[in-house]
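Each remark here refers to the structure printed beneath this line.
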Amino acid sequence: MKPRDRSLSSSRTVSLLVTLVIISLVLILVSQSPQLQPVQDAIHVVLAPIQNGVNSASSTVGGWIETVRRGDDIRQENVQLKQDIESLTSENSRLRELERVNADLRRQLNFEREFPDLRGKGAVVLSRDPTGLNQILVIDKGSADGIITGLAVTDSGGYFIGKIRIVTGAHQSEVLLITDVDSSIAVYVDRTGTDGVSNGRWPRGRLSVEHLSQDANLGKGDLLKTAGRELVPRGLILGQIYNIVSNDVLLEQQADAYPLADLGGIDQVLVILGGQGQPQPTMTPTPLPTATVTPLPTLTATPTPRSTATPRGKP
Amino acid sequence: MSLLGLLLMGLAALIQAQVLPIVLPSLGADLRPNLLVLLVVAITLLQGVREGVIWGFSGGLLFDLFSPITPPGTNALCLVLIALLASLGLAIPLRVNLVMPLIMVAICTIFYFVLLMTIRTLLGVPLDWGASLIAVALPAAAINAVLTPFFYTLLGWLGDRFQPRLPEEWQTRVQ
């Protein structure tokens, strides 16, 4: 058997080499021709799914390899990221608390600007009804601090939350919150001035506003303010209406409202010791129309001229 | 056991009067258990009505001191009556099973709120009875029932540890 010729000196090998080089050159030249572009596109369409499949598998395998190779780095990065998340979460929580305090202080500043004549005394909430049956707070101010029954109480931001229910000692008294069943506050709707009475609806935690005029144009979102009865100053915000019901039997409207103060989270309050709050709206009397008296025509006696005719019989 | 009971009830009264009313609303939870009723019922079923009455009276008195809203003696009276009611469960031989204590705790919790509301109404404090029973008493009874296995087991263990004896009623029967 004749041994295979592996050297380049073989003519068949050279021929093959030249042929392949020529084919390659031809392909190169031909591929540059725009006439053969559709053919190339068809070839690409056939090959594309195969290429995509292989590419996807390669990426997956490459990812695994990368993960194994960077395992330690990824673990360290994960630990660092978790620490960063914890730190940011803590800072976020702190910022939210600061935001809340800021909002309270702003409301307090607005409250002092809006009610410059009100005098208040700050108090700390010692406890609240632990059974949950009543909405009552115990504060650390009492008779020695000038506290008397009926005084208005607001939260630190100025929202009205209730009245002093009873003074139990020199440095202790109880606050009846506006949501308690026993609470009844004279209010008015800020937008329309409509008067009403707000009653607490605990344990539902809502307010029921009654005796609202049937003709009043009330709307959801209307603010409720204190009407200024007894020792409660006028104009303190206490709630917001979310539902209105017309009572045709009593010829009035009733509204459901929720308190704006966070009654469950109060730890400091302000007891209003004096001041009138916003003034009552003054009623400008409408002048009566003046009656214009039309003078009667004056009657002037006009002498009727006598007749000049000579009477008969007389010379 | 009475001294231990005094300490436990004092701690429970403090948590019930000062901690839960602040912590639970901040967590957005309006439902709160009544640890005092739970402990009184559990100890009554485990140690007898005498222990239950002592625990109830001391715990109620401490609770009234920590919570100045209620007149002193209100919760002491309520919890003593709760112990008497819970003693009805002593006649049931399935006391060692957790189901009966669970039911007794739920019933006694509702009864506690009925007693408390009756006393407050007699003292002139207006209440919405229907809404309070539904929104306050029933949820408290449910939560107390859920917590019963833990506290019942704990008190049982403490009883075995500090005073391993049968309740008075069973001692009489054995004798």
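Proteins come first, then strands; the chains are lettered A, B, ... in the order of their sequence lines, and each starts at number 1.
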For Ile166(A), is it the side chain, the backbone, both or neither that has a heavy atom under 4.5 Å from a heavy atom of chain B?
neither

Distance-only side-chain donor-acceptor flag, Trp129(B) / Thr121(B), under 3.5 Å
yes

At a heavy-atom distance under 4.5 Å, which candidate from Ser127(A), Gly205(A), Pro203(A) has the highest pair count against chain B?
Pro203(A)

Is Arg165(A) close to chain B through its backbone or its side chain, or both, or neither, when contacts mean heavy atoms under 4.5 Å?
side chain

Region of Gln16(B) in contact with chain A, defined by heavy-atom distances below 4.5 Å:
both

For a quick test of reading the model, state the closest non-hydrogen atom pair linking Val197(A) to Ser184(A) and the distance between them.
CG1-OG, 3.3 Å

Applying side-chain hydrogen bond (donor to acceptor under 3.5 Å, both in side chains), run through Asn75(B) and Asp64(B) and close with a yes or a no.
CA-CA 6 Å; Asn75(B) 282 280; Asp64(B) 290 334; 2.7 Å; yes

Looking only at the side chains, is there a donor atom on one of Gln214(A) and Asp248(A) sitting less than 3.5 Å from an acceptor on the other?
yes

Would you mind telling me which of Asn134(A), Val138(A), Val181(A) has the largest number of heavy-atom pairs within less than 4.5 Å of chain B?
Asn134(A)

Measure the shortest side-chain to side-chain distance between Thr168(A) and Glu174(A) over non-hydrogen atoms and say whether it is less than 4.5 angstrom.
yes

